J.: 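Below is a structure I'd like to ask you about.
Keep in mind that what you see is a predicted model, and the values were worked out from it rather than measured. Sequential numbering from 1 along the given sequence is applied to the chain's residues. What you see below is based on every heavy atom in this structure, not just the backbone, and it leaves out hydrogens, waters and symmetry mates.
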Amino acid sequence: MDIQLLFFAAVKDHFPDLKRIEVSEGDSILNLRKILTHTNPSSESILKVSRFAVNQSIVGDDFVLKEGSVVAVLPPSSGG
């Protein structure tokens, strides 16, 4: 099944051309982290500390993805 990906800030640099990805039925956010890390191993450290939102709601690693989900990968940020 296909899901849409949105990357922000530093994570965007690791996946400039990745907008959609195919995952298996029953895959969770944890599985998605592993798939993304496998796709670009240099992203491992930023993905470990990033939060994920599905359809504009923050979710945990055990959240199960569904066809057509829009997943935002949100790295930590700071600002003033």
Side-chain angles (χ1 to χ4, degrees):
M1 67 183 184
D2 285 337
I3 61 170
Q4 182 180 351
L5 295 168
L6 303 172
F7 298 107
F8 295 91
V11 179
K12 194 173 190 175
D13 295 339
H14 293 280
F15 304 98
D17 298 323
L18 189 58
K19 307 283 188 239
R20 291 194 171 274
I21 194 167
E22 186 170 327
V23 296
S24 299
E25 188 79 30
D27 271 353
S28 65
I29 292 295
L30 182 61
N31 297 112
L32 178 59
R33 270 186 217 270
K34 291 176 182 174
I35 291 167
L36 292 173
T37 299
H38 180 75
T39 301
N40 185 346
S42 69
S43 67
E44 183 176 10
S45 61
I46 192 83
L47 289 174
K48 278 184 179 178
V49 295
S50 294
R51 299 184 76 187
F52 287 71
V54 176
N55 300 330
Q56 301 185 6
S57 295
I58 299 292
V59 297
D61 280 348
D62 59 345
F63 184 88
V64 177
L65 298 165
K66 296 183 174 83
E67 174 74 34
S69 293
V70 178
V71 180
V73 183
L74 308 166
S77 62
S78 62

J.: Between atom CG of Asn40 and atom NE2 of His14, what is the distance when rounded to the nearest 0.5 Å?
T.: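 With rounding to 0.5 Å, CG (Asn40) is 6.5 Å from NE2 (His14).
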J.: Hey, could you give me the CG/CZ distance between Leu36 and Phe15, rounded to the nearest 0.5 Å?
T.: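 One finds 4.5 Å between CG of Leu36 and CZ of Phe15.
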J.: Would you say the side chain of Val71 lies within less than 4.5 Å of the side chain of Gln4, judging by non-hydrogen atoms?
T.: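 Result no, sub-4.5 Å side-chain heavy-atom pair not found.
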J.: According to a hydrophobic-cluster definition based on side-chain heavy atoms being under 4.5 Å apart (Ile, Leu, Val, Met, Phe, Trp, Tyr only), do Leu18 and Val70 belong together?
T.: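 Leu18 and Val70: separate clusters.
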J.: Should we count CD of Gln56 as having more than 12 external heavy atoms under 6.0 Å?
T.: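 Not more than 12 within 6.0 Å, no.
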J.: Step by step, work out the side-chain contact (heavy atoms from CB on, under 4.5 Å) result for Asn31 and Leu65.
T.: CA-CA 10 Å; Asn31 297 112; Leu65 298 165; over 6 Å; no
J.: After noting the C-alpha distance and the side-chain angles of Ile3 and Ser69, does the key distance pass the side-chain contact (heavy atoms from CB on, under 4.5 Å) rule?
T.: CA-CA 5 Å; Ile3 61 170; Ser69 293; 4.1 Å; yes
J.: How many angstroms lie between atom CG of Leu32 and atom CZ of Phe63, to the nearest 0.5 angstrom?
T.: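 So the gap between those two atoms works out to 11.5 Å.
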J.: Would you say Phe52 and Val73 make side-chain contact, with heavy atoms under 4.5 Å?
T.: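 A side-chain contact exists here, since the closest heavy-atom pair is under 4.5 Å.
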J.: Please tell me whether Leu47 and Ile35 are part of a single hydrophobic cluster in this structure, the criterion being side-chain heavy atoms less than 4.5 Å apart.
T.: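 Same cluster.
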J.: Ignoring hydrogens and geometry, is there a side-chain-to-backbone donor-acceptor pair from Arg33 to Ser50 under 3.5 Å?
T.: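 Indeed, once roles are kept as given, a pair shorter than 3.5 Å links the two residues.
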J.: Roughly how far, to the nearest 0.5 Å, is the NZ atom of Lys34 from the CD atom of Glu44?
T.: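 Reported value, rounded in 0.5 Å steps: 11.5 Å.
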J.: For the hydrophobic clusters of this structure (ILVMFWY residues joined by side-chain heavy atoms under 4.5 Å, transitively), does one cluster hold both Leu5 and Val54?
T.: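 Yes: a chain of side-chain contacts under 4.5 Å links Leu5 to Val54.
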J.: Please report the interatomic distance CZ(Phe7) to CG(Leu74), rounded to the nearest 0.5 Å.
T.: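 With rounding to 0.5 Å, CZ (Phe7) is 11.0 Å from CG (Leu74).
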J.: Nearest heavy-atom pair of Pro75 and Ala9: which atoms, and what distance?
T.: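 Of all heavy-atom pairs spanning Pro75 and Ala9, the closest is CG-CB, 3.7 Å.
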